[in-house]
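Taking it in order: structure first as structure tokens, then the write-up.
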Number of protein chains: 2
Amino acid sequence: MAKDEDRIEIDRNAGFVGDYLLYLLAAASDAASTDFHAHVREQGLRVPEWRILACLSDEDGQMVTQLAQLALMEQSHLTKIIDHMASKGLVKRRSDERDRRRVRVFLTAAGRALGARLVDEAQAHEEEIIARLRPGEAALLKNALKHVHALYRAGSGITPAPVREPVKLETRPT
Amino acid sequence: MAKDEDRIEIDRNAGFVGDYLLYLLAAASDAASTDFHAHVREQGLRVPEWRILACLSDEDGQMVTQLAQLALMEQSHLTKIIDHMASKGLVKRRSDERDRRRVRVFLTAAGRALGARLVDEAQAHEEEIIARLRPGEAALLKNALKHVHALYRAGSGITPAPVREPVKLETRPT
DNA sequence: GGCAAAAATATGCGAATTCATATTATTCAG
DNA sequence: CTGAATAATATGAATTCGCATATTTTTGCC
């Protein structure tokens, strides 16, 4: 398979990417989630559906927009996911009494049961991860992640690094 | 806008999700990246294209599969992104001399220039984030992220929490 | 050397996701 | 109380993405 000169050792600490915070966040998130996401799919759920189950298990009857922000997805996408989950009998919609523009999403009995089960499994899985870290490392990590998350919520008015002239590079229109 | 009873304060530390490691990773990654990703798109690049530019800036001439893994995306998807970047004159393909199954991707002059610029800007942006954290917090965070990433690379043979019977919930076929 | 198996990339198609906008309901100014 | 402005959700088209598989090249065994 791999011949000698192929072992181009990719030293992740050498270049820019391997020590770039945004890369490390994305890569760690991706790597740590892969296993459990596979498990979720084996249960017949898509990952976004699992996220919604989890959020509703925490607090039932949330609004669509609220849920979308919490579950890190777009509103219009969530609408479609709710359609799908409703057709599977996991959730049902009920429009808010006070403000009928709003749609509140509630777990069905089946949704609540599945959600509770998966939350349990997620916690067990989390324990396994934490067990592999150094003592106290998980707590530090979670704190720092909460800190970053809190700093960069929507609408902090923070702008990225100074922007020079946008560049037109398209050979053909995208 | 928001009436009184609407301020359903979502206490993220109350339920499961707000302290779940995989959620915190995804949420922090998402939140921290939003600004810079917007900047990237203003430059006429898609986020995956930026990731490839960054990876190639670190090490030019990487293989497609290598790059895909590094940039956290699927091989077939990367192939299409490379098509697009090539049509914009940012990269070019060259098949490996020793093994002509392999395609090595190289930056063009324009690609190298744009990559260098964006890497600079990314580093400046990273500094801004780090400046908002407590002293030393970023180093701890990066270390922990590297640790998690290292533990959960593809093929560690780790299985998620014990799996009970898969559940069929579809009302209609997906 | 020739052939089966494996590796690296590309391709086609279907599913997932986003974007712009329509629809419905509420608020608020006058 | 009427209409303009805003808010919440839904809808449809377009894009992006992922899975299965085809294609090309290399490897290894006989």
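Note that the structure is predicted; figures quoted are calculated from it, not measured. In what follows, chains are A, B, ... by sequence order, proteins preceding strands, each numbered from 1.
- In terms of the side-chain hydrogen bond (donor to acceptor under 3.5 Å, both in side chains) criterion, residue partners of A:His147 (sequence neighbours excluded) are, by chain and number, B:Glu137.
- For residues 69-80 of chain B, the set of pairs meeting the salt bridge (charged side-chain N to carboxylate O under 4.0 Å, His left out) definition, not counting sequence neighbours, is empty.
- B:Asp30 places its CG atom 10 Å from the P atom of C:dT18, with the value rounded to the nearest Å.
- Two residues are said to be in side-chain contact when any heavy atoms from C-beta on lie closer than 4.5 Å; B:Val105 and B:Leu78 fail this criterion.
- Rounded to an integer number of Å, the gap from CE of A:Met63 to C1' of D:dA10 is 14 Å.
- The NE2-C1' distance, from A:His84 to C:dT17, rounds to 14 Å in whole Å.
- Straight-line distance from the CZ atom of B:Arg51 to the C1' atom of D:dT16: 14 Å, rounded to whole Å.
- Shown here are the side-chain hydrogen bond (donor to acceptor under 3.5 Å, both in side chains) partners of A:Gln123, two or more places apart in sequence or in another chain: there are none.
- A search for side-chain hydrogen bond (donor to acceptor under 3.5 Å, both in side chains) contacts involving A:Ser33 returns nothing, not counting sequence neighbours.
- In this entry the distance linking CG of B:Leu78 with P of C:dA10 reads 9 Å, nearest Å.
- With rounding to whole Å, A:Ile82 atom CD1 is found 14 Å from D:dT11 atom C1'.
- Counting to the nearest Å, the P atom of C:dT26 and the CG atom of A:Asp96 are 9 Å from each other.
- Residue pairs meeting the ring-ring contact (aromatic ring centres under 6.0 Å, His included) criterion with at least one partner in residues 41-65 of chain B, sequence neighbours excluded, are B:Phe36-B:Trp50.
- Of the inter-residue distances, the one linking A:Leu25 atom CG with B:His149 atom NE2 reads 12.0 Å to the nearest 0.5 angstrom.
- OP1 or OP2 of D:dT24 has not a single side-chain nitrogen or oxygen of B:Arg101 nearer than 4.0 Å.
- Of the candidates C:dT26, C:dA8, C:dT11, C:dT26 carries the atom nearest the A:Asp99 side chain, counting heavy atoms from C-beta on.
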Sub-3.5 Å pairs of nitrogen or oxygen atoms, protein against nucleotides 17-21 of chain D:
from	atom 1	to	atom 2	distance (Å)
D:dC17	OP2	B:His77	NE2	2.6
D:dC17	O5'	B:His77	NE2	3.3
D:dG18	O6	B:Lys80	NZ	2.2
D:dC19	OP2	B:Glu74	OE2	2.5
D:dC19	N4	B:Ser76	OG	2.6

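- For A:Arg100 and B:Val103, each mapped to the nucleotide of DNA chain C holding its nearest heavy atom, the one lying further toward the 5' end belongs to B:Val103.
- Atom pair B:Glu97:CD and D:dT26:C1' shows a separation of 15 Å (rounding to whole Å applied).
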